2 protein chains.
Amino acid sequence: MKIDPVSILKEHDLKHTKQRVRVLEEIALDTVAISQPDLEKKLGKEIDRVTLYRILNTYQEKGILHRIMDMNGTANYAICSSSCSEDHHHDEHVHFNCTKCFKIYCLEVEVPRIKMPKGFLAKTVSSTAYGICEKCNNI
Amino acid sequence: MKIDPVSILKEHDLKHTKQRVRVLEEIALDTVAISQPDLEKKLGKEIDRVTLYRILNTYQEKGILHRIMDMNGTANYAICSSSCSEDHHHDEHVHFNCTKCFKIYCLEVEVPRIKMPKGFLAKTVSSTAYGICEKCNNI
DNA sequence: TAGTATATGCAATTTAATTGCATATACTAT
DNA sequence: ATAGTATATGCAATTAAATTGCATATACTA
Ligand SMILES: [Mn+2]
Ligand SMILES: [Mn+2]
Ligand SMILES: [Zn+2]
Ligand SMILES: [Zn+2]
């Protein structure tokens, strides 16, 4: 899937600023999710820390990015599927968190349906597998 | 299941201190997991913040508690099933995170088996459902 | 091109987590 | 019961993460 930051911004009625474009570019570079700390490092002083926080929040609200928390409570971000919108995300795929390289993959695997106990009404389910990723397996 | 802090400490070769007992008591009060911030509030100045961090860490390592991260990256703690040990946790049940009261429940539901793509080796899978809990449903 | 709305950067706060060290406490051996 | 040893605790200091307020810069509209 090709990412065009500029048109993504247009589609979501967001102003076109170089910081916003930059963040999308950086995240689109790799297919795996990127952690907020890594993102900060990559961007260095191109973008103010606070601005980055704000951009990531807006992107998440608008359905441009989805946030995946890793086992340490660190935020990771990945591009949403094209069908996500402000009101509703459609990113119910399984995530894979490598315990060696710590990368987080968005797998093309649907989150399995889970039968809830009486009284509990599940709206979304998140499912993360922890283990060794394909790259780390081949080393 | 009845919780006896003192014997739990014995079983795991941990020194019996009033702070450790206190933490276990507090967590055992409710069947739902308790968040670290809530725990801090409850304990007030009975226990130093740093000590609490350390106690929670050792309990987790020893397989006495398991940690569940909520959607905001906040740590929540719940008693482990009796079969958990230092080397191996057996807490692969589904968690339910209420989006209204924010409580986290350990459900008696096994995490479903997920088929991994070639190359990915899953060791554990975590599964959390978000929605409205039984209590909030009845209000 | 001027006017308006909002995004950005910077400084200041607030909150969370970690580290080092002196003292207190639990357990062991006598 | 007591003394000796190991380690848990509390406190102070650091480090790191996140939030807020506000002045200025920038993008879009008319
Ligand atoms: Mn994903
Ligand atoms: Mn649990
Ligand atoms: Zn890996
Ligand atoms: Zn609830």
Side-chain angles (χ1 to χ4, degrees), chain A residues 4-27 33-65 67-77 86 102, chain B residues 4-27 33-65 67-77 86 102:
Chain A
D4 175 17
V6 178
S7 44
I8 289 182
L9 290 175
K10 271 224 184 69
E11 281 164 32
H12 291 87
D13 292 308
L14 290 172
K15 284 193 183 171
H16 168 252
T17 70
K18 72 172 197 298
Q19 293 86 339
R20 284 178 173 169
V21 171
R22 198 64 195 74
V23 169
L24 276 181
E25 279 175 355
E26 204 54 57
I27 294 181
I34 184 166
S35 74
Q36 176 142 349
D38 282 357
L39 206 43
E40 282 180 26
K41 275 171 218 130
K42 289 270 208 115
L43 295 170
K45 45 206 307 313
E46 285 183 70
I47 302 182
D48 184 81
R49 226 173 111 66
V50 178
T51 304
L52 178 59
Y53 274 109
R54 296 195 268 228
I55 290 178
L56 292 173
N57 280 339
T58 332
Y59 281 179
Q60 208 196 337
E61 283 165 11
K62 289 283 185 173
I64 297 172
L65 297 181
R67 186 173 72 168
I68 311 128
M69 289 292 182
D70 69 16
M71 68 240 289
N72 301 311
T74 305
N76 288 253
Y77 292 90
E86 180 148 12
F102 299 105
Chain B
D4 174 18
V6 179
S7 43
I8 289 182
L9 290 175
K10 271 225 185 69
E11 280 164 32
H12 291 88
D13 292 308
L14 289 172
K15 283 192 183 171
H16 167 254
T17 70
K18 73 172 195 297
Q19 293 86 340
R20 284 178 174 168
V21 171
R22 199 62 195 73
V23 169
L24 275 181
E25 280 175 355
E26 204 54 59
I27 294 181
I34 185 167
S35 74
Q36 176 142 350
D38 282 357
L39 205 43
E40 282 180 26
K41 276 170 218 130
K42 289 269 209 117
L43 294 170
K45 45 203 310 310
E46 286 183 69
I47 302 183
D48 185 83
R49 225 173 113 64
V50 178
T51 304
L52 178 58
Y53 274 110
R54 296 195 269 228
I55 290 178
L56 291 172
N57 281 338
T58 35
Y59 281 179
Q60 208 195 340
E61 284 164 12
K62 289 283 185 172
I64 297 172
L65 297 180
R67 186 173 72 169
I68 310 129
M69 288 294 182
D70 69 17
M71 71 240 288
N72 300 310
T74 305
N76 289 253
Y77 292 90
E86 178 147 16
F102 300 106

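None of the values given here were measured: they were computed from a predicted structure. Convention: sequence-line order gives letters A, B, ...; per-chain numbering from 1.
Between B:Q19 and C:dT25, a side-chain N or O to OP1/OP2 separation shorter than 4.0 Å is absent. Contact between the side-chain N/O atoms of A:T51 and the OP1/OP2 oxygens of C:dG9 is found at a separation under 4.0 Å.
Across the strands present, C:dT13 finds its partner in D:dA18; the criterion is a Watson-Crick or G-U wobble pair with both atom distances under 3.5 angstrom. Nucleotide D:dA23 forms a Watson-Crick or G-U wobble pair with C:dT8, both donor-acceptor distances falling under 3.5 Å.
Shown are B:I68, B:N76, B:D70; of these, the side-chain contact (heavy atoms from CB on, under 4.5 Å) with B:S35 is made only by B:N76.
Counting to the nearest Å, the P atom of D:dA18 and the CD1 atom of A:I55 are 16 Å from each other. For the pair A:Q36 CD and D:dT19 P, the computed distance is 9 Å after rounding to whole Å. At whole-Å resolution of the value, NZ in A:K45 and P in C:dG9 are 11 Å apart. For the pair A:R49 CZ and D:dA16 P, the computed distance is 11 Å after rounding to whole Å. As a whole-Å value, the separation of A:E61 CD from C:dA7 P is 11 Å. Between B:H12 atom NE2 and D:dA8 atom P the separation is 15 Å, expressed in whole Å. If you take CZ of B:R20 and P of C:dT25, they are 15 Å apart, rounded to a whole angstrom. Rounded to whole angstrom, the span from the NZ atom of B:K18 across to the P atom of C:dC27 amounts to 14 Å.
Heavy atoms only, all atoms of each residue included: B:R20 and B:Y59 are closest at O-OH, 2.8 Å.
Under the 3.5 Å distance criterion, the side-chain polar atoms of B:R67 are left unmatched by any main-chain donor or acceptor of B:N57. Between the side chain of A:N72 and the backbone N or O of A:T74, no donor-acceptor pair lies under 3.5 Å.
With DNA chain C read from its 5' end, the first of the two nearest nucleotides for B:V50 and A:V50 is the one closest to A:V50. Summary of the strand contacts: B:L14 and B:N57 both lie near DNA chain C, and taking for each the nucleotide with the nearest heavy atom, the more 5' one is attributed to B:N57.
Using a 4.5 Å cut-off on side-chain heavy atoms (C-beta onward), A:L65 and A:I55 make no contact.
Checking D:dA17, D:dC11, D:dG21 against the side-chain heavy atoms of B:D48 singles out D:dC11 as nearest. Here the nucleotide nearest the side chain of B:K15, chosen from C:dA26, C:dT19, C:dT18, is C:dA26.
Here A:R54 lies in heavy-atom contact (under 4.0 Å) with a base.
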